[in-house]
Amino acid sequence: YISDEDDLKLAEEYQADGVTWILEEGTYELEDTIQLNKDVVINGNGSTISFTKEIFNNPDKGERSGFNITAGTSEINDLTIEGNDNIKHSVNVYTGEGQERTTVVLDGVIMKDGKKGYGLVNNASDVTVKNIETSGNDWGGINVDNAVGAGTDGAKFKMISGTINEDNSIAFENKTG
């Protein structure tokens, strides 16, 4: 069980395939990105992760988002990601060229208040969302992209249900075919 910010950062540091992170309901205030690169399930239990330090302009693009998911199969459930205009994207999912496709399921995740970014970005990965909500993200709700340097198999995106409150709801970039 994860009960505070220190526990959350330890879980990130020592993440392993097949582990479930269970957050005790509450608010977790963080200053930097949560990096995921293993097969991890995060049960938020209605918690909020709130970002309190401006990182949206970090020179390292992998350190600008709330969650940066770059490998494995992850699932995030029942969690609010509050950017407070300090992060670029709430969730950034990226598969690098030549890597096995990163797969993510978001269920019951609220992504809000990203500065100069989206609630969710899918770069050449496989992302499924259900019962999600986005709001207050400067560039829009969801971006599906085959960014330069990302995997060449293209992005896969499936939306089962959710509410996107930005005018630019879903943007598709660098699409082929």
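Below, each value reflects all heavy atoms present in this structure, side chains not excepted, and no hydrogens, waters or symmetry copies.
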query = Rounded to the nearest 0.5 Å, what separation is found between the CG atom of Leu30 and the CG atom of Asn86?
reply = 11.5 Å

Donor-acceptor pairs under 3.5 angstrom involving side-chain atoms of residues 1-8: please list them, not counting sequence neighbours.
{"residue": "Ser3", "atom": "OG", "partner": "Asp7", "partner atom": "OD2", "Å": "3.0"}
{"residue": "Asp4", "atom": "OD1", "partner": "Asp6", "partner atom": "N", "Å": "3.2"}
{"residue": "Asp4", "atom": "OD1", "partner": "Asp7", "partner atom": "N", "Å": "2.8"}
{"residue": "Glu5", "atom": "OE2", "partner": "Glu29", "partner atom": "N", "Å": "2.8"}
{"residue": "Asp7", "atom": "OD2", "partner": "Ser3", "partner atom": "N", "Å": "3.1"}

key: Side chains of Val129 and Phe157 in contact at under 4.5 Å (non-hydrogen atoms)   = yes

ask   = Going only through I, L, V, M, F, W and Y residues with side-chain contacts under 4.5 Å, is there a path from Val19 to Tyr28?
value = yes

message = Tell me if a side-chain donor or acceptor on Asn122 pairs with a main-chain N or O of Lys156 at a distance below 3.5 Å.
response = yes

Can you give the donor-acceptor pairs under 3.5 Å from side chains of residues 37-44 to other protein atoms, not counting sequence neighbours?
{"residue": "Asp39", "atom": "OD1", "partner": "Thr73", "partner atom": "N", "Å": "2.7"}
{"residue": "Asn43", "atom": "OD1", "partner": "Asn77", "partner atom": "ND2", "Å": "3.0"}

ask   = Is there a chain of hydrophobic side chains (I, L, V, M, F, W, Y, each step under 4.5 Å between heavy atoms) that links Ile22 to Val109?
value = no

message = Could you check whether Glu63 and Gln35, counting side-chain N and O atoms only, form a donor-acceptor pair closer than 3.5 Å?
response = yes

inquiry  = Check the orientation of Tyr118 and Trp139. Use parallel for under 30°, tilted for 30 to 60°, and perpendicular for over 60°.
reply    = perpendicular

query = Under 4.5 Å between side-chain heavy atoms, hopping through other hydrophobics if needed: is there a path connecting Val121 to Ile132?
reply = no

ask   = Do the side-chain N and O atoms of Glu166 and Thr134 include a donor-acceptor pair separated by under 3.5 angstrom?
value = yes

inquiry  = Is it the case that the side chain of Glu13 and the backbone of Leu10 share a donor-acceptor pair, with hydrogens and angles ignored and the cut-off at 3.5 Å?
reply    = no

Gap between atom CE of Met111 and atom CD1 of Ile49 - 0.5 Å precision = 13.0 Å

query = Are the side chain of Asn137 and the backbone N or O of Gly114 linked by a donor-acceptor pair below 3.5 Å?
reply = yes

task = Answer whether the closest heavy-atom distance between the side chains of Ile164 and Ile170 falls below 4.5 Å.
result = yes

query = Crowded around Asp17 CG? As in, over 12 foreign heavy atoms under 6.0 Å?
reply = yes

ask   = OG of Ser74 to CD1 of Ile69: how many Å apart, nearest 0.5 Å?
value = 5.0 Å

message = Quick check: do Thr128 and Val104 have side-chain heavy atoms less than 4.5 Å from each other?
response = no

request  = State yes or no: do Phe51 and Trp21 share one hydrophobic cluster built from I, L, V, M, F, W and Y residues joined by side-chain heavy-atom distances below 4.5 Å, directly or via other members?
outcome  = yes

query = Side chain of Arg64, backbone of Ile55: donor and acceptor closer than 3.5 Å?
reply = no

query = Taking side chain as C-beta onward, heavy atoms only, is Lys115 less than 4.5 Å from Ile87?
reply = no

query = Tell me, do Asn68 and Ile34 make a side-chain contact under 4.5 Å, heavy atoms counted?
reply = no

ask   = Less than 4.5 Å apart, any side-chain heavy atom of His89 and any of Phe67?
value = no

ask   = Looking only at atom types and distance, does a side-chain atom of Ser125 sit under 3.5 Å from a main-chain N or O of Asn123, one as donor and one as acceptor?
value = yes

key: Lys130 side chain reached by Met159 side chain, heavy atoms, under 4.5 Å   = no

request  = Give a yes or no on whether a salt bridge exists between Asp32 and Lys9, defined as a side-chain N under 4.0 angstrom from a carboxylate O.
outcome  = yes

inquiry  = Quick check against the 3.5 Å criterion: does Asn45 have a side-chain atom that pairs as donor or acceptor with the backbone of Ser47?
reply    = no

query = Quick one: do the Thr102 and Thr95 side chains pair a donor with an acceptor below 3.5 Å?
reply = yes

query = Under 3.5 Å, is there a donor-acceptor pair linking the side chains of Asn131 and Asp107?
reply = no

ask   = How about Glu100: does its CD atom have over 12 heavy atoms from other parts shown lying under 6.0 Å from it?
value = no

task = Please tell me if the side chains of Glu82 and Asp113 come closer than 4.5 Å, counting only heavy atoms from C-beta onward.
result = yes

